[in-house]
Amino acid sequence: DQAVAVCIVALPAALAARVLVEGRTRLATLRVVRVTSARFRVVTAIAGAAIAAAVVARYPLTAGNGMDVLRDVSTATDVAGALVVAMVLAKLVGALATFGSGAPGGALTPTIVVGGGAGLAVAMLAERLGWATPGTWTIVVLGGAAAIAVGLRAPLTAVVLLPELTGGYALVPACAAVVLLAVAFDRSLDAAERRWGGKLPVGVHDEDG
């Protein structure tokens, strides 16, 4: 079942994390370029705060750094589609709005939430098609590991961080496998971007606030 889960979650989690890190990078670059404009800072702060507030109002579990939604998923026996939407789309939009507003905050936990949610969404679809997958929390852990490897460019940390945080040391081999697939996918996208004249900046690291 873990082998199936690795194949299922690696790509969607990596893609979700990449969207988050590219969004953060572009917003940060834009703010640096326009930092001398007081009007720009005010407008982005107000717009970002309004978007983040709207997301939290609709999906309260996405508030803060994302720990609330992770705790909710860790004890859930049946995950509703609304929770998956909150983990992927709502957290992604809310996190980018927060970063864009210039508010301080880390990226570690939001990256785990977005990656875990993306993996969980595909796993739920796979189950409907008759594929056997391990428990919900296992999927989230593997998706989070793939997301850390891509979103924070920290593959070695990704292999051990989630198992260490959750006490699921038996998942280390599966985390290593999902990280390997996620990094290979991410690097292939890098190569494609370079071929078409673009390149994702590397070395984007953040403490979790």
> Taking atom CG of L120 and atom CH2 of W137, what is their separation to the nearest 0.5 Å?
Replying inline: 10.5 Å
> Can you name the salt bridge (Lys or Arg N to Asp or Glu O under 4.0 Å) partners of D68, sequence neighbours left out?
Replying inline: R71
> Does L189 belong to the same Ile/Leu/Val/Met/Phe/Trp/Tyr cluster as V21, with side-chain heavy atoms less than 4.5 Å apart forming each link?
Replying inline: no
> Going from CG on L15 to CG on L20, what distance comes out if it is rounded to the nearest 0.5 angstrom?
Replying inline: 11.5 Å
> Should V84 and V140 be counted in the same cluster of Ile, Leu, Val, Met, Phe, Trp and Tyr side chains packed under 4.5 Å apart?
Replying inline: yes
>> Check for me, please, whether L161 and M67 land in the same ILVMFWY cluster - side-chain distances under 4.5 Å, paths through other members count.
In response: yes
> Which heavy atom in L96 sits nearest to a heavy atom in R24, and how many Å separate them?
Replying inline: CD2-N, 3.6 Å
> Of the non-hydrogen atoms in G119 and I8, which two are nearest, and what is the gap between them?
Replying inline: O-CG2, 4.5 Å
> With a cut-off of 6.0 Å (strictly less than), are more than 12 heavy atoms of other residues, nucleotides or ligands near CZ of R58?
Replying inline: no
> Are L61 and I139 grouped together when hydrophobic residues (ILVMFWY) are joined by side-chain heavy atoms under 4.5 angstrom apart?
Replying inline: yes
> Roughly how far, to the nearest 0.5 Å, is OG1 of T157 from CD of E164?
Replying inline: 10.0 Å
>> Test of understanding: with side chain to side chain contact (heavy atoms under 4.5 Å, CB included), list the residues that count as partners of A63, not counting sequence neighbours.
In response: V56
>> To check you understand the geometry: which heavy-atom pair defines the closest contact between A146 and A10, and what is its length?
In response: CB-O, 4.2 Å
>> Just to verify, what does L162 make a side chain to side chain contact (heavy atoms under 4.5 Å, CB included) with, not counting sequence neighbours?
In response: I112, V141, I148
> Between G151 and A17, what is the shortest heavy-atom contact and its length?
Replying inline: N-CB, 3.8 Å
> Considering residues at least two apart in sequence or located in another chain, which fulfil the side chain to side chain contact (heavy atoms under 4.5 Å, CB included) criterion with A149?
Replying inline: P155, A158, V179, V183
> Do you know which of L171, V159, V9 makes side-chain contact (heavy atoms from CB on, under 4.5 Å) with V178?
Replying inline: V9
> Any chain of hydrophobic side-chain contacts (each under 4.5 Å) joining L152 to V113?
Replying inline: yes
> Shortest non-hydrogen contact from A86 to Y59?
Replying inline: CB-CD2, 3.6 Å
> Within a strict 4.5 Å, meaning less than it, do heavy atoms of the V150 and F185 side chains meet?
Replying inline: no
> What residues form a side chain to side chain contact (heavy atoms under 4.5 Å, CB included) with V160, not counting sequence neighbours?
Replying inline: none
> How close do A95 and P110 get, heavy atom to heavy atom, and via which atoms?
Replying inline: CB-CB, 4.4 Å
> OG1/T136 to CG/L83 distance, rounded to the nearest 0.5 angstrom?
Replying inline: 9.5 Å
Sequence neighbours excluded and cut-off under 3.5 Å, please list the side-chain donor-acceptor pairs for residues 87-94, or say none.
unit_1	atom_1	unit_2	atom_2	d
K91	NZ	T62	O	2.9
K91	NZ	G64	O	2.8

